[in-house]
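Treat the numbers as computed from the prediction; the structure is a model and nothing was measured. Convention: sequence-line order gives letters A, B, ...; per-chain numbering from 1.
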Amino acid sequence: MTSLPYLSIQHVTKTFGSFTALNDITVDVSKGQFTCLLGPSGCGKTTLMRIIAGLEQPDQGCVIVNGNDITSLPAGERNVGMVFQSYALFPNMSASQNIAFALKGKLSKSEITEKTKEMLDLVGLTHLKDRYPVQLSGGQQQRVALARAIALSPDFLLLDEPLSALDAKVRHKLRKELRELQEKLGITTIMVTHDQEEALTMADQIVVMNDAEIEQIGSPRDVYQVPASPFVADFIGSVNLIPLQDDRVMAIRPEYIQIQPSQVEGSVPAIVQQVEFRGIYSRVYLKLTNQAWVDKEVSVDVLDHDASHLNLARQSVVHLLMPERRLIHFT
Amino acid sequence: MMHSRKKTQSYGVNERHQVVWLIVLAILMFVSIGFPLFQLFRKAFIDSKTLELGFSNFITYFQTPSLSHSIINTLNISLWTTAISVVLAFIFAYAMARTGIAAKPLFRYIAMLPLFTPTMMHGIGLTYLFGNQGLFTTGFFGWLPFSFDIHLYGSIGIIISEVIYTFPQAFLILSISLAVTDYRMYEAAETMGVGKISQFFHITLPSVKFGVISTCFVCFTLSFTDFGAPKVVGGQYNVLATDIFKQVIGQQNMSMGAVVGMILIVPSICSFIVDRIISRKQQGTFTAKSTVYVIKKSRMRDLWLTLYCSLISGCIVLLFAAVGFASMVKIWPYNLTLTFDHYRFYNAAGAGLSPFFNSVTMSFYTAIIGTAVIFFIAYMTEKIRLFAPLRQLLYFLAMIPLALPGIVIGLAFIFFFNLPNNPLHFIYNTMTILVLANIVHFFSVNFLSATTALKQLDKEMEQAADSMNVSFYRTFFRITVPMCMPAITGMMVYLFVNSMVTVSALVFLYGTDLKPASVAIVNMEDAGDVAEAAAMSMLILLLNLGVKGGYEGVVALINKHRSKRSDKLRIKANSLNSIKDSVGVDAHV
């Protein structure tokens with residue numbers, strides 16, 4: 001069964017002067033799905049989101065929602081909810097006033113009160129409803145911005161790096177909350193992020209972008225385990241890129257390489273350069289010594305428990321096993 | 001291919017309203033800035049007799065020694081004024097920013113005093129001190145065995161007046177330059193064993209280099225174009241600004257007036273260009289990581305600078321006290337009995353106090369309408385997403401008045417609005433043209449402070465409101481305006497105070513029944529009713545101090561009230577105010 005995509009971005013191109021921000025981008029999003037636009041800064045992900053929101057106009061291509069072409073619709077008429085990177089809360093209004101602001105004139109007075117109350121309840125801020133933005137923590141501000149964005153029951157929700165301004169602890173907590181809320185409301189959501197961990201943990205679908213183009217679209221598991229390009233492999237998680245003959249490249253993630261104390265079938269010798277303790281595991285940096293890859297550096301993640309059984313002193317020789325099924329080949 | 005054609009966004013209600021507003025504003029600005037300026041250029045470059053386009057008017061001008069000599073005179077005045085004012089103000093600003101002297105607020109307020117009076121008042125004060133019947137010239141009315149005459153009337157008088165006029169402006173700009181520094185540089189110098197004097201020349205001076213350059217240009221431009229002081233103490237010493245007046249009002253020689261107007265614009269244009277270059281270069285000299293300057297103890301330094309500041313403040317106070325005193329005695333210097341007679345303005349051609357109230361009305365309208373229009377134009381150029389070409393046009397028009405001295409605006413306005421076939425001819429000689437001239441005169445400075453305030457607001461707020469389908473009027477009135485209140489009220493006070501003191505543009509435009517107070521001062525002084533002129537100056541000064549003081553008081557109260565709610569908001573409001581004060585210095589020409 002193939003259902004029509006809910007939101008479809010087709011062949012979108014956008015340039016700013018001589019700079020190409022988006023080059024022939026096509027993405028489909030299904031209803032209720034959580035999609036992450038992931039990429040390094042300057043890759044065009046924010047521009048793509050702003051085009052979906054109607055804050056920028058594409059040079060070419062179109063945005064289709066539910067079968068309707070909305071490319072020429074002004075931002076205000078698209079029925080999107082958007083959470084901005086800075087949250088863009090109105091500093092002269094309290095949390096509840098911020099939420100109610102956009103409802104005025106669209107709902108009756110009692111409905112506004114009701115809706116505001118409901119939203120505050122939803123994001124768990126009822127007790128702080130009269131506080132002004134400066135009196136709220138970053139995480140609380142973020143939740144007000146979210147409540148404000150979904151108060152108008154938008155067709156889809158756009159999140160522009162919503163967690164990037166927060167402390168690591170709060171960020172991890174809000175990831176979970178945000179995802180739970182999204183699932184509860186069943187709202188189609190697109191989030192821009194440069195944080196691969198955020199994308200992996202939250203998204204149903206990840207769109208990896210680089211240099212104005214899409215590198216890969218797929219589930220978190222897909223983009224991690226079957227990256228479509230060396231860029232994707234390198235950008236998401238850590239990877240060892242090992243050049244082969246005739247310009248081909250082989251990739252393998254550090255945790256998939258096994259360290260053997262002595263030579264086994266198919267193993268390659270290497271010399272330990274340095275070991276970094278990272279808590280649950282250690283990252284071992286080694287130099288390969290076989291002829292094909294002499295002096296090539298690789299890194300291997302070893303569980304702390306296993307590391308204690310191996311001799312990983314500097315300059316000691318070990319043997320690396322790279323399982324065939326974990327190897328990724330790029331041409 | 002199906003998708004290859006560019007789709008333009010259709011306009012929502014907001015965008016449709018915005019584009020209409022942008023067009024309306026552009027037309028308004030063309031009518032009040034573009035067209036009058038065009039008329040001025042036409043008058044200057046079209047020969048008055050042959051009606052041919054060319055430089056014939058300029059040739060006539062430079063071939064008339066009596067006229068072209070004024071250029072030398074004016075340059076002489078401006079160069080001396082700039083040199084003296086910048087040095088005096090620099091030491092004063094240094095004392096305020098980098099030393100531990102006492103009574104800084106008092107010194108600061110006194111240094112600001114000349115901003116609140118018409119420039120004629122400085123001249124009048126000097127007449128009472130150093131004029132023919134002056135306190136010093138007559139040796140304290142003969143009480144002292146000696147006396148001295150500085151030969152006030154002429155270049156000396158003008159230069160002293162202009163120094164008083166430009167001093168506070170120079171002080172403000174230099175204060176800001178001196179306030180913005182990175183103390184880590186001084187700490188680094190300390191650790192390397194660099195001496196204090198070497199630190200001054202190698203760290204302090206380079207760090208305020210741009211501030212000093214732009215101060216020089218501001219002082220030069222202000223004194224180059226001032227009309228009030230040369231009118232009162234100039235004597236037979238002709239300068240460009242008084243020449244325009246003589247050519248246009250006295251001899252009805254419009255072409256020569258226009259030529260002089262062109263010459264008057266030259267320094268402001270240079271100043272404008274240099275300022276642009278500087279502001280580009282200055283970016284990044286001060287980073288968020290910079291640390292605040294820490295004032296070290298030094299008794300000798302503080303002692304000398306306290307003396308210096310007391311001397312400067314003493315001179316300013318003496319000058320103002322002389323005007324105040326003279327306005328309240330029967331006949332200076334013969335009959336020193338106190339009286340308020342001069343405040344009844346018997347001699348002032350029966351006009352009485354009406355010029356004062358004309359000025360108050362005019363300044364009030366200028367403050368209200370000017371602030372509304374300027375802020376809205378700044379909003380439309382800064383915060384709208386679409387229509388970039390239109391917004392750039394507006395920005396360009398908004399920056400033009402920065403290069404226009406008041407007297408040139410006055411001239412351009414007569415040329416344009418006095419055209420018999422101009423449908424707007426009817427505003428000639430009315431309150432409307434006075435208010436319009438003032439708004440144009442002070443436009444750019446206030447436009448820049450509005451823009452600065454708007455830039456400090458998160459630009460995503462408008463987009464957030466836009467994406468929630470909120471009407472832009474509501475966003476403007478509910479969010480932007482309340483958030484910019486400190487800047488908006490600051491603009492109002494600036495416009496009011498400066499409208500009360502300005503004379504240059506108005507002197508060409510007022511109708512006989514709508515004479516503003518500043519023009520009345522010029523006329524009374526001309527007619528020899530100096531005491532009345534002094535009294536009128538005092539009224540303007542007192543009202544302006546009242547307005548500014550009242551405003552500061554209200555702001556302090558609000559801040560106190562707000563500090564309960566949030567400290568951050570208050571700090572933001574204050575920083576906006578100081579930016580406002582810093583930008584609001586180079587306009588009242």
Side-chain angles (χ1 to χ4, degrees), chain A residues 10-14 24 26 50-63 69-94 97-99 101-106 131-136 145 148-149 151-152 154 158 160, chain B residues 1-19 383-388 456-486 558 562-573 576:
Chain A
Q10 296 180 355
H11 303 288
V12 162
T13 294
K14 175 74 181 174
D24 197 23
T26 297
R50 289 172 63 83
I51 285 177
I52 300 171
L55 296 170
E56 300 283 355
Q57 198 56 13
D59 297 337
Q60 278 170 38
C62 54
V63 180
D69 186 344
I70 62 161
T71 318
S72 50
L73 217 56
E77 291 169 26
R78 293 194 177 193
N79 199 23
V80 295
M82 184 154 177
V83 174
F84 290 82
Q85 193 169 3
S86 65
Y87 310 142
L89 292 179
F90 307 127
N92 57 328
M93 294 182 183
S94 67
Q97 285 170 334
N98 259 286
I99 297 168
F101 182 68
L103 303 173
K104 294 239 169 76
K106 290 165 195 141
R131 291 235 185 138
Y132 287 87
V134 284
Q135 298 169 310
L136 296 170
R148 185 177 70 174
L152 277 165
L158 303 175
D160 184 7
Chain B
M1 198 173 116
M2 181 190 147
H3 301 292
S4 62
R5 125 194 96 89
K6 174 169 177 162
K7 288 185 182 158
T8 46
Q9 198 163 23
S10 62
Y11 297 155
V13 182
N14 278 350
E15 286 82 3
R16 279 198 293 271
H17 280 240
Q18 284 164 357
V19 78
K383 292 286 179 184
I384 303 297
R385 215 159 33 83
L386 302 170
F387 320 114
Q456 295 203 336
L457 295 186
D458 184 356
K459 70 171 191 295
E460 290 186 330
M461 285 202 301
E462 264 77 15
Q463 298 176 2
D466 203 12
S467 72
M468 293 187 289
N469 203 12
V470 176
S471 119
F472 94 98
Y473 298 109
R474 231 180 120 225
T475 312
F476 179 74
F477 285 113
R478 285 298 313 280
I479 294 154
T480 319
V481 169
M483 289 306 299
C484 290
M485 244 338 158
I558 291 174
R562 269 205 191 155
S563 61
K564 286 176 203 156
R565 195 171 98 191
S566 116
D567 284 336
K568 284 188 187 170
L569 272 180
R570 185 182 46 150
I571 290 160
K572 196 154 192 183
L576 285 183

### Query
Checking heavy atoms, do the side chain of A:Leu89, its backbone, both or neither come under 4.5 Å from chain B?
backbone

## Note on the structure
Separation between CD (A:Gln57) and CZ (B:Arg385), nearest 0.5 Å, reads 8.5 Å

### Summary
Under 4.5 Å to a heavy atom of chain B? For A:Glu56 that would be backbone

### Message
Tell me whether B:Glu460 contacts the main-chain N or O of A:Ser86 through its side chain, where contact means a donor paired with an acceptor under 3.5 Å.
### Response
yes

### Query
Could you give the distance from OG1 (B:Thr475) to CZ (A:Phe101), rounded to the nearest 0.5 Å?
4.5 Å

### Task
Please report the C-alpha distance between B:Asp458 and A:Phe84 in whole Å, then the side-chain angles of each, then the deciding distance to 0.1 Å, and finally whether the side chain to side chain contact (heavy atoms under 4.5 Å, CB included) criterion is met.
CA-CA 10 Å; B:Asp458 184 356; A:Phe84 290 82; over 6 Å; no

### Task
Identify which of A:Met82, A:Lys104, A:Glu77 forms the greatest number of heavy-atom pairs closer than 4.5 Å to chain B.
A:Lys104

### Summary
Output for pair (B:Cys484 SG, A:Asn92 CG), nearest 0.5 Å, gives 10.0 Å

### Summary
Distance col, row B:Met468:CE vs A:Leu152:CG, nearest 0.5 angstrom, shows 7.5 Å

#### Entry: Among the listed options B:Ser471, B:Gly12, B:Ala465, the residue most often paired with chain A at heavy-atom distances under 4.5 Å
B:Gly12

### Task
Using atom types as modelled and distance alone, determine if a side-chain donor or acceptor of B:Arg478 lies under 3.5 Å from a backbone N or O of A:Met93.
no

### Task
Please confirm whether the backbone N or O of B:Asn469 pairs with a side-chain atom of A:Asn79, one donor and one acceptor, at under 3.5 Å?
no

### Message
Would B:Gln463 and A:Arg50 count as a side chain to side chain contact (heavy atoms under 4.5 Å, CB included) here? Give the steps.
### Response
CA-CA 10 Å; B:Gln463 298 176 2; A:Arg50 289 172 63 83; 2.8 Å; yes

